[in-house]
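A note on names: the letters A, B, ... follow the listed sequences, proteins ahead of strands, and every chain is numbered from 1.
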Protein chains: 2
Amino acid sequence: MDAAVGLAAWAGLLADRTRASFCLALLDGRAWTVGELAKHAGVALSTASEHADRLVAGGMLAQRRQGRHRYLELANPQVAALIETVAAAHPSARNGTGTPVTTLAAAHKRRNLAFARTCYDHLAGYLGVAIADAMVGNGFVTRTHGTALTPRGVAWLGQLGVDLGKPGRRAVLRDCLDWTERRSHLAGVAGSEICRHALAAGWVVRIGSGRAVKVTPVGERALADQLGLVIGAAGTDSPGAAHAMPAGARRR
Amino acid sequence: MDAAVGLAAWAGLLADRTRASFCLALLDGRAWTVGELAKHAGVALSTASEHADRLVAGGMLAQRRQGRHRYLELANPQVAALIETVAAAHPSARNGTGTPVTTLAAAHKRRNLAFARTCYDHLAGYLGVAIADAMVGNGFVTRTHGTALTPRGVAWLGQLGVDLGKPGRRAVLRDCLDWTERRSHLAGVAGSEICRHALAAGWVVRIGSGRAVKVTPVGERALADQLGLVIGAAGTDSPGAAHAMPAGARRR
DNA sequence: CCGACGGTTCGGCGCCCACCGAAGGATCGC
DNA sequence: GCGATCCTTCGGTGGGCGCCGAACCGTCGG
């Protein structure tokens, strides 16, 4: 009886078309913003916000607030597995429309596809995290007391032709949590300038119209020379890559 | 989006306290009448009848009409496994402070349930998990690559008089998450046959009308002989003997 | 300072649905 | 035939909740 209440409450979280749509979308293992989820489900932002509240309160989703964004993801792998199981098993799974339910395994594959992309105005994905790590390894960035550029790092940027100018309101360097890698990459003015330079110098080029980018041979050499960073042959691009991104949030 | 509708519809079947109560009750693998379910859930007969309609229409339950009775049971083992999984995993463990007003009788009932019960058509609870572990320990079941019956396990079952027959659609052996022990017990055809044999051979007998069972002296001897499994002084329906439950033996 | 933008809160609307009691079968035992 | 039992159908009621737009707030970048 008591168990029935709990079971009903849990099922109730999924028992709404919009919330179910959220959860299915989040099965890709990434974190989506409220706005992205709203657009995906076709509801107003306010509605999506309220649904997000309920899903978080019910323990189905976890959230992380970053700046003016609110990122939502499945609370844990157990929840993901459970949703997958239910979604795969419910009778109408054979919907015939050829839209199979996304599995976590498939999502991992897709992760490799989008191994490099832009996030706002800086680099993200595997590439972004790798660059961040390499800069720490080379002593250009320190993370001992928060994340900051070292004098050597400033010099390195200057040698690339990047002038950070006078300190303004925007942080010079900031960590930005990468939701495919679940680790931080570099944002802020420096992150933005690194991205700008990488594009300008032909280290990376955009793939299609989305946020995905790929590393050119020139870029591979430059990254190896400049940062000792060896990029594996990972980045296979495919039309699916851009499609895998949450709609919206592509700016600039 | 299409999938979201289906998922929401399916979850919606469980997203009601009364219907969830039905499904949980039906996890004992028996067929219940509408009247029994109504009384169990504490709703009017008419209400129960309507809920039964919805659950049948949604593919969760199957029905069989016999004379003036309408028997309801879970549609298939897959549905049973799904419900059990969801019930075991839903995060109502921290369901809030005040809830459970438990009577002593209810507590005893629950202890019996926790000790040994049927789950759909196989054994669950402490007993179910212990049997599963013992079968692994005796080399009858392997869990190296998923859970499977070994040749020795097949032979053991044969010696009990259990013939698994030809492989059909249903898995021969499957793990089923136990919601009191939070560990896996054995389901599938083999799990079902073990339960059937245990009841037929008088190893266990049902307590009252619910899912709870208790191990008989014959069963104790048989489990010790066959599996080297020593069960403490059996679960019983008498309040005084509740202490006999192998409290120290729980978990591992 | 400003405007742009993502998100939240609030009031309100409308619909869905869980529930009940009463009336109406259907089936059993006699 | 009769009454008893089990169930279904139907009308009505109440509450919950999904949805929206408008107002508001905090953050970002200039």
Practice task
Enter the distance from A/Thr18:OG1 to A/His51:NE2 here, rounded to the nearest 0.5 Å.
Solution key: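 It comes to 4.5 Å.
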
For [N], does OP1 or OP2 lie under 4.0 Å from any side-chain N or O of [X]?
X: A/His51; N: D/dC17; value: no
X: B/Arg65; N: C/dA26; value: no
X: A/Arg70; N: C/dT8; value: yes
X: B/Thr33; N: D/dC6; value: no
X: B/Arg54; N: C/dA18; value: yes

Measure the distance from [atom1] on [X] to [atom2] on [N] and round it to the nearest whole Å.
X: B/Tyr71; N: D/dT8; atom1: OH; atom2: P; answer: 13 Å
X: A/Leu37; N: D/dC19; atom1: CG; atom2: P; answer: 13 Å
X: B/His69; N: D/dC6; atom1: NE2; atom2: C1'; answer: 7 Å
X: B/Leu45; N: C/dC19; atom1: CG; atom2: P; answer: 13 Å
X: B/Leu72; N: D/dC6; atom1: CG; atom2: P; answer: 15 Å
X: B/Arg68; N: C/dG24; atom1: CZ; atom2: C1'; answer: 16 Å
X: A/Leu13; N: D/dG16; atom1: CG; atom2: P; answer: 17 Å
X: B/Phe22; N: C/dA18; atom1: CZ; atom2: P; answer: 11 Å

Among the nucleotides [options], which one has an atom lying closest to any side-chain atom of [X]?
X: B/Val43; options: C/dC19, D/dC20, D/dC7; answer: C/dC19
X: A/Ser49; options: C/dT8, D/dT8, D/dC19; answer: C/dT8
X: B/Ala44; options: D/dC19, C/dT9, C/dG21; answer: C/dG21

Practice task
Assess whether one donor atom and one acceptor atom, taken from the side chain of B/Glu50 and the base of D/dC7, lie less than 3.5 Å apart.
Solution key: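 Answer no: no donor N or O sits under 3.5 Å from an acceptor.
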
Exercise for the section: On the 0 to 90° scale, with breaks at 30° and 60°, tag the A/Phe140-A/Trp156 ring pair as parallel, tilted or perpendicular. Expected result: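 The arrangement is parallel - the two ring planes meet at less than 30°.
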
Handout entry: Any side-chain heavy-atom pair of A/Leu55 and A/Leu72 under 4.5 Å
Key =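 A side-chain contact under 4.5 Å is absent here.
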
Handout entry: Pairwise 5' ranking along DNA chain D for A/Gly42 and A/Gly67, keeping only the more 5' one
Key =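 Comparing both residues, the 5'-ward one is A/Gly42.
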
Practice task
Assign each of A/Ala15 and A/Ser46 to its nearest nucleotide of DNA chain D by heavy atoms, then name whichever residue's nucleotide is nearer the 5' end.
Solution key: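 This one resolves to A/Ala15.
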
Exercise for the section: Would you kindly say whether A/Gln226 and A/Gln159 are connected by a side-chain donor-acceptor distance under 3.5 Å? Expected result: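 Their side chains do contain a donor-acceptor pair, which is all the 3.5 Å distance test asks for.
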
Practice task
May I ask you to say whether B/Arg70 pairs ionically with B/Asp53, meaning some side-chain N is under 4.0 Å from a carboxylate O?
Solution key: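 Between B/Asp53 and B/Arg70 there is a salt bridge, with a charged N closer than 4.0 Å to a carboxylate O.
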
